[in-house]
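Have a look at the structure below, then the notes.
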Amino acid sequence: MNASMNNTSNRIKNVEASPITRLIPYEEEALKNGKTIYHLNIGQPDLKTPKEFFESVREFNKDILTYAHSRGRKELIEEIIKFYKKHFNIDYKYENIFITTGGSEAILFTLLSIFDEGDEVLVSEPYYANYNNFFDVLNIKVNAFTADPKTGFHLPAREEIISKITPKTKAIVLTNPGNPTGVVYREEEIRLIGEIAKEYGLYIISDEVYKVFSYGKNRAISFGEIEGIEENVILIESISKIYSACGARIGAVISKNENLMNEIYKLCQARLSVSTLDMVGAEGLYKKLSDDYFEKNRIEYEKRRDIVYDGISKIEGIEVTKPEGAFYVMVTLPMDNTEDFCIWLLTDFDLDGETIMLSPAEGFYTNKELGRNKIRISYCIEAEKLKKSIKILEAGLKEYLSKKKLTR
Ligand SMILES: Cc1ncc(COP(=O)(O)O)c(C=O)c1O
């Protein structure tokens, strides 16, 4: 190879391959060996994408598939405005919303518009692992305060949070409801972050892509509902999870901060347009689905949450806190290298020809050490498969631990 053609940016070299991707070769090997694998490692819901998405695409009757407006289609923005009014009683205007290619692009554009190299971001760890790819490529330094599993991953005390703020801290990024923790922040936590953001002049980048999935008595409150912090708050929105439409790649960045939105708009213009047909499909979802759509799915996920939580709680040696929202649960295992266990489950173990794929939790932490005895389980597959998966986890854990004991 020509040596100079290996000359990629230092920025991209900063980005580590995801720990999930590292397991793929082992998964492929297991599949080749004829094993059935239950995927508890990814947040790909198995619920059907509503037919309204496809109907709207079919009804689209134009001769040319043109670029859409860089802001996104007006019809879709108007539907999102109605959604926020109806579900959160927040008043957004057309200029507060840009449609993006998934929530992922909304996050990237927001970070690009806020951070210079060397600036610092405040996060509650564990957090969504893909943020790290964006933080690393943009040379954003991560200052994490740690959320304790014993509190259900709720926020630590104010002093602990502000001890991580420096003059270079520009924003706090939170996910509510949480991936990977399942935490749903209480109103006092949301208000506390609001106060801190005001006091220290920080943006709040609130990733609310799981907003309709909360179980029990606490609904997920949006940062957009809190008065007085409108200039600080940026919401990350997506149809991927709430409508089970991950492949549509439709999200949005939402903020009342006019100056910031003007900056983000430059990036929207540079990439010209989001997929027109996917926006048309998304309009169908927001417009045509009946009011009970979210409630039906919320009940289904709550059922799955209970199966997973109740099942795991009974396994000896495992610690787990009950998730309150989204569709993930963090689990502490009696070992110091869960990645090895996750690989072993694919390569060396099966229960009647079946095994499970899990996420080692290291990638969800800045302080990697804290994640090495944990895994994340995603419970967005159907109940029967979840029940089998828990049996596999229990049997696998027992065998793995006894093998380890023998080799010591
Ligand atoms: C917390 C969180 N934010 C953002 C995303 C990105 O979603 P998308 O780009 O599909 O909208 C995900 C996907 O899993 C997520 O879990």
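Scope of the values below: all heavy atoms of this structure, side chains included, with no hydrogens, waters or symmetry mates. Each ligand, and each atom within it, is numbered from 1 in the order the structure gives. Positions are given from 1 along the sequence.
Per-residue contacts place R249 under 4.0 angstrom from the following atoms of ligand 1 (heavy atoms of the residue considered): 8 (P), 9 (O), 10 (O). The contact set between ligand 1 and S238, taken as ligand atoms under 4.0 Å from a residue heavy atom, comprises 8 (P), 11 (O). Interface atoms of ligand 1 facing K241, defined by a heavy-atom separation under 4.0 Å, are 13 (C), 14 (O). Of all atoms in ligand 1, listed by their number and element, those nearer than 4.0 Å to a heavy atom of Y210 are 1 (C), 14 (O), 15 (C), 16 (O).
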#### Entry: Step-by-step side chain to side chain donor-acceptor pair (under 3.5 Å) determination, N139 to N14
CA-CA 8 Å; N139 263 318; N14 278 342; 3.1 Å; yes
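Between Y328 and ligand 1, not a single N/O pair is under 3.5 Å apart. In terms of polar-atom proximity, Y131 is not counted as a contact of ligand 1, lacking any N or O under 3.5 Å from an N or O of the ligand. At under 3.5 Å, not a single nitrogen or oxygen of T175, backbone or side chain, sits near a nitrogen or oxygen of ligand 1. In terms of N/O distances under 3.5 Å, ligand 1 is not approached by G102.
What you find for V184 and P177 is that their closest heavy atoms are CG2-CB, 3.9 Å.
Taking the six-membered ring where tryptophan is involved, the planes of Y301 and F327 are tilted, since the angle between them lies from 30° to 60°. Ring pair Y131/F135 is tilted by interplanar angle, where 30° to 60° counts as tilted. Taking the six-membered ring where the residue is Trp, F294 and F83 present perpendicular rings, their angle passing 60° and hence far from 30°.
With respect to atom 5 (C) of ligand 1, the closest heavy atom belonging to the protein is Y128 OH, 3.6 Å. Atom 3 (N) of ligand 1 has as its closest protein heavy atom D207 OD2, 2.6 Å.
Not less than 6.0 angstrom separates the ring centroid of Y309 from the ring centroid of Y379. The ring of F98 has its center no closer than 6.0 angstrom to the ring center of F109.
Of the residues listed (K374, R376, R372), the one engaging E362 in a salt bridge (Lys or Arg N to Asp or Glu O under 4.0 Å) is R372, and it is the only one.
The parts of S104 lying near ligand 1 are both backbone and side chain, judged by heavy-atom distances below 4.0 Å. Neither the backbone nor the side chain of E105 comes within contact range of ligand 1; no heavy atom lies under 4.0 Å.
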